[in-house]
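Here's the structure we're looking at; comments come further down.
The shown structure was predicted, so the numbers you read here are calculated from the model rather than taken from an experiment. The residues of the chain are indexed from 1 along the displayed sequence.
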Amino acid sequence: MKDKVALITGGAAGIGRATAIRFAEEGTRVVICDIDNSGLKETEELIKKMGAEVLSLKGSISDSTDVQKIIKETINKFGRLDYACNNAGIEGASAYTADYEEQDWDRVLNINLRGQWLCMKYELPEIIKSGGAIVNVSSILGRVGFAGAPAYTAAKHGLIGLTEAAALEYAEQGVRINAVCPGFIDTPMLERAGITTDKDIMDGIIAMHPIGRLGRSKEIAEAVIWLCSEKSSFVTGHSLLVDGGYVIR
């Protein structure tokens, strides 16, 4: 992976930051994007301190113009794109299906599914040139249902379907496309959802994982690295659960 180029969306914190750092550890040149400019700069500084090359770009994956600009600036800076980790997403509102507001539904699907498709749409022409790999960050809620999160669940299920379709389409061109499905990971997203600040909720969530704890961002990053590396050269169209046993329970 040394001297190759990886793009990580949602790189300002959590899984995106951990993945960007993990790529940098492999000697990969890293491009990070996010709408959170402050967090983006923090990630950039962490990678620079490692002595790695990094380009940080502010932009929204739900905006086609932003996505195209991110890809263009990546190529202008590094001349190639080998790997993409499409990680950016939002948790969305919490409500049952009949009570879900239309604007909330549209926002979640626009970012968590349409945004991921936009990323792939503009990443693929460059990754085909390098014969690289794409990893989409889905969720355990891409494999099972969860009451009160219909939009998020639908988007993450859809992302797995998108991953499988694209994997079929581009395998003969040497591009592998997979997904990771994290369980509940200790990230700012859980804070925003109020999970890590409420002991009773936290204990209940932890109890859903047979391993008995929340996941760590670095554990997801390791899965992304493996799926991009030659160690997984015969793997495509797969959705890798990294969930502490959540789904089997």
Side-chain angles (χ1 to χ4, degrees), residues 8-19 32-40 58-64 66-67 70 84-121 135-164 179-198 200-202 204-206 208-209 214-217 220 224 239 241-244 246-247:
I8 300 95
T9 68
I15 292 170
R17 175 177 289 178
T19 301
I32 49 174
C33 67
D34 207 298
I35 60 170
D36 176 4
N37 197 51
S38 176
L40 201 58
K58 185 178 180 181
S60 171
I61 64 166
S62 65
D63 186 320
S64 177
D66 279 5
V67 175
I70 288 163
C85 175
N86 296 319
N87 162 72
I90 59 171
E91 63 274 21
S94 179
Y96 277 21
T97 301
D99 300 319
Y100 219 83
E101 297 292 340
E102 290 183 26
Q103 65 268 24
D104 292 334
W105 176 275
D106 290 344
R107 181 167 180 261
V108 172
L109 271 289
N110 194 39
I111 295 171
N112 290 5
L113 185 54
R114 182 179 179 275
Q116 302 281 11
W117 165 71
L118 280 174
C119 289
M120 293 176 67
K121 176 178 175 64
V135 178
N136 296 318
V137 179
S138 180
S139 167
I140 48 174
L141 303 193
R143 296 282 297 272
V144 296
F146 195 86
Y152 187 89
T153 302
K156 293 300 186 178
H157 271 73
L159 182 54
I160 289 177
L162 175 61
T163 298
E164 292 174 353
V180 291
C181 298
F184 284 82
I185 310 301
D186 191 1
T187 65
M189 182 180 282
L190 289 194
E191 281 187 45
R192 292 194 300 270
I195 290 173
T196 56
T197 55
D198 187 308
D200 291 338
I201 294 175
M202 182 74 153
I205 292 293
I206 289 173
M208 295 177 182
H209 300 74
L214 298 181
R216 304 181 184 105
S217 294
I220 309 305
V224 173
S239 299
L241 285 165
V242 188
D243 70 342
Y246 181 102
V247 168

What are the two closest non-hydrogen atoms of G92 and Y100, and how far apart are they?
C-OH, 4.0 Å
Roughly how far apart are I32 CD1 and I8 CD1, rounded to 0.5 Å?
7.5 Å
Nearest heavy-atom neighbours spanning Y96 and P150
C-CG, 4.4 Å
N112 side, atom CG; S138 side, atom OG - distance, nearest 0.5 Å:
9.5 Å
Identify all side-chain donor-acceptor contacts of residues 12-19 below 3.5 Å with residues at least two apart in sequence or on another chain.
from: R17; atom 1: NE; to: A12; atom 2: O; distance (Å): 3.4
from: R17; atom 1: NE; to: T43; atom 2: OG1; distance (Å): 2.8
from: R17; atom 1: NH2; to: A12; atom 2: O; distance (Å): 2.8
from: R17; atom 1: NH2; to: G39; atom 2: O; distance (Å): 3.1
from: R17; atom 1: NH2; to: E42; atom 2: OE1; distance (Å): 3.2
from: R17; atom 1: NH2; to: T43; atom 2: OG1; distance (Å): 3.4
from: T19; atom 1: OG1; to: I15; atom 2: O; distance (Å): 2.8

Side-chain heavy atoms of V180 within contact of V135, under 4.5 Å:
yes
Do K58 and D34 touch side chain to side chain, with heavy atoms closer than 4.5 Å?
no
In Å, rounded to the nearest 0.5 Å, how long is the span from OG1 of T97 to CH2 of W105?
7.0 Å
Please verify the inter-ring angle class for F184 with H209; under 30° counts as parallel, over 60° as perpendicular, anything in between as tilted.
perpendicular
Hey, does the side chain of K156 reach the backbone of V144 with a donor-acceptor pair shorter than 3.5 angstrom?
no
For atom CD of E102, decide whether the heavy atoms of other residues, nucleotides or ligands shown that lie under 6.0 angstrom number more than 12.
no
Residue pair L118 / I61, side-chain heavy-atom distance below 4.5 Å
no
May I ask you to test the R216-D186 pair for a side-chain heavy-atom distance under 4.5 Å?
no
Can you tell if the side chain of I111 reaches within under 4.5 Å of the side chain of Q116, non-hydrogen atoms only?
no
Just by modelled atom types, is the S62 backbone N or O under 3.5 Å from a matching donor or acceptor in the R114 side chain?
yes
Just by modelled atom types, is the A88 backbone N or O under 3.5 Å from a matching donor or acceptor in the T9 side chain?
yes
Going by heavy atoms in the side chains, are S139 and C181 under 4.5 Å from each other?
no
Can you find a pair of side-chain heavy atoms, one from I160 and one from R143, that are under 4.5 Å apart?
yes
Judged by atom type as modelled, is there a donor-acceptor pair below 3.5 Å linking the side chain of D66 to the main-chain atoms of S60?
yes
Can you find a heavy atom in the side chain of R107 that is under 4.5 Å from one in the side chain of I90?
yes
Backbone of G10 reached by a side-chain donor or acceptor of N87 within 3.5 Å:
yes
Tell me whether the count of non-hydrogen atoms from other residues, nucleotides or ligands lying under 6.0 Å of CD1 in I35 goes above 12.
no
Measure from the side-chain N and O atoms of D243 to the backbone N and O of I140, and report whether any donor-acceptor pair falls under 3.5 Å.
no
